[in-house]
Number of protein chains: 2
Amino acid sequence: MRNTQQRRIILKKLKKHKDHPGADVIYSEVRKELPNISLGTVYRNLEMLSEKGTILKLEFGSNQKRFDPCPEAHPHFRCLSCGRIEDIPGGMELPPVEEKTWSKGKKITGYNLEFTGYCKKCSKNLK
Amino acid sequence: MRNTQQRRIILKKLKKHKDHPGADVIYSEVRKELPNISLGTVYRNLEMLSEKGTILKLEFGSNQKRFDPCPEAHPHFRCLSCGRIEDIPGGMELPPVEEKTWSKGKKITGYNLEFTGYCKKCSKNLK
DNA sequence: CTGAATGCAAAGCCTTTGCATACGG
DNA sequence: CCGTATGCAAAGGCTTTGCATTCAG
């Protein structure tokens, strides 16, 4: 994997995010430093980085894929109103899956867990 | 909400599924009984039914939305190789979220949990 | 009757891909 | 040098939507 300028800056921008941006957000931010970068390159790099395990690709109930600079699987919270995605701190432990009967014969490699609801701001506006 | 022939048959077809079909699968099955139904109608109905809480819309890491005739949130297993989605039996209980600090100020309405890996068949082929 | 639901087709959104060119190691 | 990565633009997959028409209640 080559260490290109594009890849370096994409990763740098992603790492600054606490929210979990989509490719479009990363694209427009990287464009400030590399005005000629193409959206395709952003997609290719985010994909590649998540395959290598450097970042995490989130594919939850949003029509857009989001990216997380932290590569370890961890739970998220998604606001159904504004779409905001937050990390849930403090590794929430899941029941061990290996010994469960449903997992017999399967090879479990990971999990995705998200809680849905309304964030602080949005739950105020709901009332 | 009107009780149209289309809606009735869409629901009937979905209920026969143990796997979790996408709109396209439902469409082609309903077409056998209603050759003139349109894909748009299938989408509109599946959407409507999931909003009413009759069925469940699954939006996990697949580019396609899948539907589950069982309306209660429950964990799933998704095969990374063949895309198959299975229910995980026996309500896997999650840690209660209400008292957690991260949920302060939020209104939590649900969760999505899926395990990923390789199903029986695919894990054999992998070796 | 009347508004909710349908069929049709076009448009939308996000993402992927083919290809010639550029550039990192 | 060589092959990976890029930029560009077009195509792709799934889903949504506008509009005239139909049909359930």
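Below, read A as the first sequence line, B as the second, and so on, with proteins coming before strands; counting in each chain starts at 1. Values below: all heavy atoms of this structure, side chains included; hydrogens, waters and symmetry mates excluded.
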Q: Looking at CG of Leu113(B) and CZ of Phe60(B), how far apart are the two atoms once the value is rounded to the nearest 0.5 Å?
A: 6.5 Å
Q: Rounded to the nearest 0.5 Å, how far does CD1 of Ile26(B) lie from CZ of Arg31(B)?
A: 14.0 Å
Q: Between Met48(B) (CE) and dT6(C) (C1'), how many Å, whole number?
A: 11 Å
Q: Would you say the side-chain atoms of Ser123(A) pair up with the backbone N or O of Cys119(A), donor to acceptor, closer than 3.5 Å?
A: yes
Q: Quick check for you: to the nearest 0.5 Å, what is the distance between Leu49(B) atom CG and Lys57(B) atom NZ?
A: 11.5 Å
Q: Using a 4.0 Å heavy-atom cut-off, write out nucleotides 11-25 of chain C from 5' to 3' as B (base contacted by protein), S (sugar-phosphate only) or - (no contact).
A: ---SBBBB----BBS
Q: I need the OH-P distance between Tyr27(B) and dT16(D), as an integer number of Å.
A: 16 Å
Q: Could you state the atom-to-atom distance from CD1 of Ile10(A) to C1' of dG7(D) in whole Å?
A: 13 Å
Q: Scan residues 28-37 of chain B against DNA chain C and write down, sorted by residue number, each residue with any heavy atom closer than 4.0 Å; if none is found, say none.
A: Asn36(B), Ile37(B)
Q: Measure the shortest side-chain to side-chain distance between Ile108(A) and Phe77(B) over non-hydrogen atoms and say whether it is less than 4.5 angstrom.
A: yes
Q: Do the charged groups of Lys13(B) and Glu29(B) touch, with an N to O distance under 4.0 Å?
A: no
Q: By ring-ring contact (aromatic ring centres under 6.0 Å, His included), which residues pair with His74(A), not counting sequence neighbours?
A: His76(A)
Q: Quick one: Leu46(A) CG to dA5(D) C1', roughly how many Å, whole number?
A: 14 Å
Q: Please check this pair: side chain of Arg66(B) against backbone of Leu58(B), looking for a donor-acceptor N/O pair closer than 3.5 Å.
A: no
